[in-house]
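Below is one structure; the comments refer to it alone.
First the proteins, then the strands, lettered A, B, ... as listed; each starts at 1. Source: prediction; values computed, not measured.
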Number of protein chains: 2
Amino acid sequence: MTDSKPNASLTAPSIHGDALPPVEQHAQQYATVRNAHETELIEDYVELIGDLLTHRGEARAADIANRMAVSQATVSKMIRRLNELELVTSKPYRSLFLTEAGQKMAETSRARHDIVLHFLRALGVKDATARIDAEGMEHHVSDETLDIMQRFTEQQQKS
Amino acid sequence: MTDSKPNASLTAPSIHGDALPPVEQHAQQYATVRNAHETELIEDYVELIGDLLTHRGEARAADIANRMAVSQATVSKMIRRLNELELVTSKPYRSLFLTEAGQKMAETSRARHDIVLHFLRALGVKDATARIDAEGMEHHVSDETLDIMQRFTEQQQKS
DNA sequence: CAAACAGTTTAGCCTTGGCTAACAATGTTG
DNA sequence: CAACATTGTTAGCCAAGGCTAAACTGTTTG
Ligand SMILES: [Mn+2]
Ligand SMILES: [Mn+2]
Ligand SMILES: [Mn+2]
Ligand SMILES: [Mn+2]
């Protein structure tokens, strides 16, 4: 449960960087990341489907495969999963649509994604880089940090 | 290869948010994230082993399991992989050590992790939240963004 | 209206990263 | 030094998320 004991003296000033966090806190960090990894691909799919519906009027499996640079078989399998999760509705060989729950997830994900992207641009990151970084970072940003990012971006825009 | 055609008028002002990026750029975003996911767990292990060696003098499988909140079997299996990748050396039932390549990876990961963590704190994020966010974000931050974060943190500290 | 083409699905394979249960080795202590 | 506690390994299971190949459906067009 606890770490093996450090055998160094108890009070000597550390020559190293930050100390290790307490075990429970450290474990929480990793657990939160593992958790995010379970949902992030789902979020990206739902967000993309929402964007395609908004900007193109329809969301076809082939478009998703191209946009994600993934095989159509992979998309087809994922769509089955999204169906089981009741996030999308689909008739065979037809465009996809989002359920109520799917729309909610798409909006939330899109909003969060935009906050992160706009924040990175406000920081001075080039657009192409900001887009790449935001695609990964978005799933690992807490609400607290998100708020701070949003305020930062607004401040930046006023000046 | 290309999206299905939008049938909306060509020049009408969009009532929606940001337009979709070009397919190739969009695909690059997702591909970069998938790539990061292949290496991030490895990086976390190597970084943690380095930290344990630095702060505790040894890195035992049980400590890793506790710190990551994961079973010992999972750690044991991952250590075999790290061995195959020649990032760690291990004798059965003995502490782990990092190879040259492992030390290099540990340093790089630790440095990047610290930049992200210190940046979040400089932004005003509470320590516990910053630690959680940094654990996930670190793997999705480009060198360009990392530079900007570091400069931001330094600026913040001067004032 | 029949082909050809484009899009979708299914089957079967692989790797990663989790888990539990059982067993083996090592360390501690009465 | 024997028993017990801790630590490490192995085996076998599972789900997720990739892939290719092949079959099937729907659309376009000669
Ligand atoms: Mn997204
Ligand atoms: Mn994303
Ligand atoms: Mn890290
Ligand atoms: Mn990490």
Side-chain angles (χ1 to χ4, degrees), chain A residues 1-5 7 23 27 30-46 48-49 52 56 58-85 87-97 136 139, chain B residues 1-5 7 23 27 30-46 48-49 52 56 58-85 87-97 136 139:
Chain A
M1 215 36 139
T2 59
D3 284 356
S4 38
K5 295 283 158 48
N7 52 11
V23 184
Y30 295 116
T32 303
V33 172
R34 282 196 300 273
N35 225 49
H37 285 162
E38 280 181 20
T39 50
E40 67 177 272
L41 191 56
I42 302 276
E43 288 167 357
D44 281 342
Y45 267 84
V46 167
L48 176 54
I49 291 167
L52 288 169
R56 298 289 211 269
E58 59 175 12
R60 313 296 304 267
D63 294 339
I64 297 172
N66 287 331
R67 292 250 155 210
M68 292 206 167
V70 124
S71 77
Q72 292 192 342
T74 295
V75 172
S76 198
K77 199 200 271 193
M78 186 60 67
I79 289 171
R80 204 185 324 146
R81 235 187 113 202
L82 296 175
N83 246 298
E84 281 158 14
L85 294 171
L87 292 166
V88 311
T89 58
S90 67
K91 293 179 206 155
Y93 298 96
R94 290 282 170 266
S95 173
L96 301 169
F97 295 96
H139 310 280
Chain B
M1 216 37 141
T2 60
D3 284 357
S4 39
K5 295 283 158 47
N7 51 11
V23 184
Y30 294 116
T32 303
V33 172
R34 281 196 300 273
N35 224 49
H37 285 163
E38 280 181 18
T39 51
E40 66 177 274
L41 191 56
I42 302 277
E43 288 167 358
D44 281 342
Y45 267 84
V46 168
L48 176 54
I49 291 167
L52 288 169
R56 297 298 165 75
E58 59 176 11
R60 314 295 303 268
D63 293 339
I64 297 172
N66 287 330
R67 292 249 155 211
M68 293 207 165
V70 125
S71 76
Q72 290 189 188
T74 295
V75 172
S76 197
K77 200 200 271 191
M78 186 60 66
I79 289 170
R80 204 184 326 146
R81 235 187 112 202
L82 296 175
N83 246 300
E84 281 158 14
L85 294 171
L87 292 166
V88 311
T89 58
S90 67
K91 293 179 207 154
Y93 298 96
R94 290 282 170 268
S95 174
L96 301 169
F97 295 96
H139 311 279

* Structure fact -> Met68(B) CE to dG18(C) P, in whole Å, measures 8 Å
* Set of residues satisfying side chain to side chain contact (heavy atoms under 4.5 Å, CB included) with respect to Leu41(B), sequence neighbours excluded -> Tyr45(B), Met78(B)
* To do: Grab the NZ-P distance between Lys77(A) and dC13(C) for me, whole Å please.
  => 13 Å
* To the nearest Å, how far apart are Glu58(B) CD and dG8(D) C1'? -> 14 Å
* Asked: So what does Leu41(A) touch, heavy atoms closer than 4.0 Å: a base, only the sugar-phosphate, or nothing?
  -> sugar-phosphate
* Structure fact -> Atom CE of Met78(B) and atom P of dT10(D) are separated, to the nearest Å, by 15 Å
Just the table, please: protein N/O against nucleotides 22-25 of chain D N/O, every pair under 3.5 Å.
residue, atom, partner, partner atom, Å
dC24(D), O2, Tyr93(A), OH, 3.3
dT25(D), O4', Tyr93(A), OH, 3.2

* To do: Quickly work out the Glu38(A) CD to dT16(C) C1' distance and round it to whole Å.
  => 14 Å
* Nucleotide dG17(D), atom C1' - distance to NE2 of His37(A) in whole Å -> 13 Å
* Asked: Between dG18(D), dC19(C), dT10(C), which nucleotide gets closest to the side-chain atoms of Thr74(A)?
  -> dG18(D)
* Structure fact -> On a heavy-atom basis, the closest approach of Asn66(A) and Ala27(B) is O-CB, 3.9 Å
* To do: Tell me what Ala73(A) touches on the nucleic acid: a base, only sugar-phosphate, or nothing, going by heavy atoms under 4.0 Å.
  => base
* Starting at atom CD1 of Ile64(A), determine the distance to atom P of dG7(C), rounded to an integer number of angstrom. => 13 Å
* CZ of Arg81(B) versus P of dG8(D): gap in Å, rounded? -> 20 Å
* If you check the Ser71(A) side chain, which of dT7(D), dC19(C), dC19(D) turns out closest? -> dC19(D)
* Asked: Among the nucleotides dC19(C), dG7(C), dT10(D), which one has an atom lying closest to any side-chain atom of Ser76(B)?
  -> dT10(D)
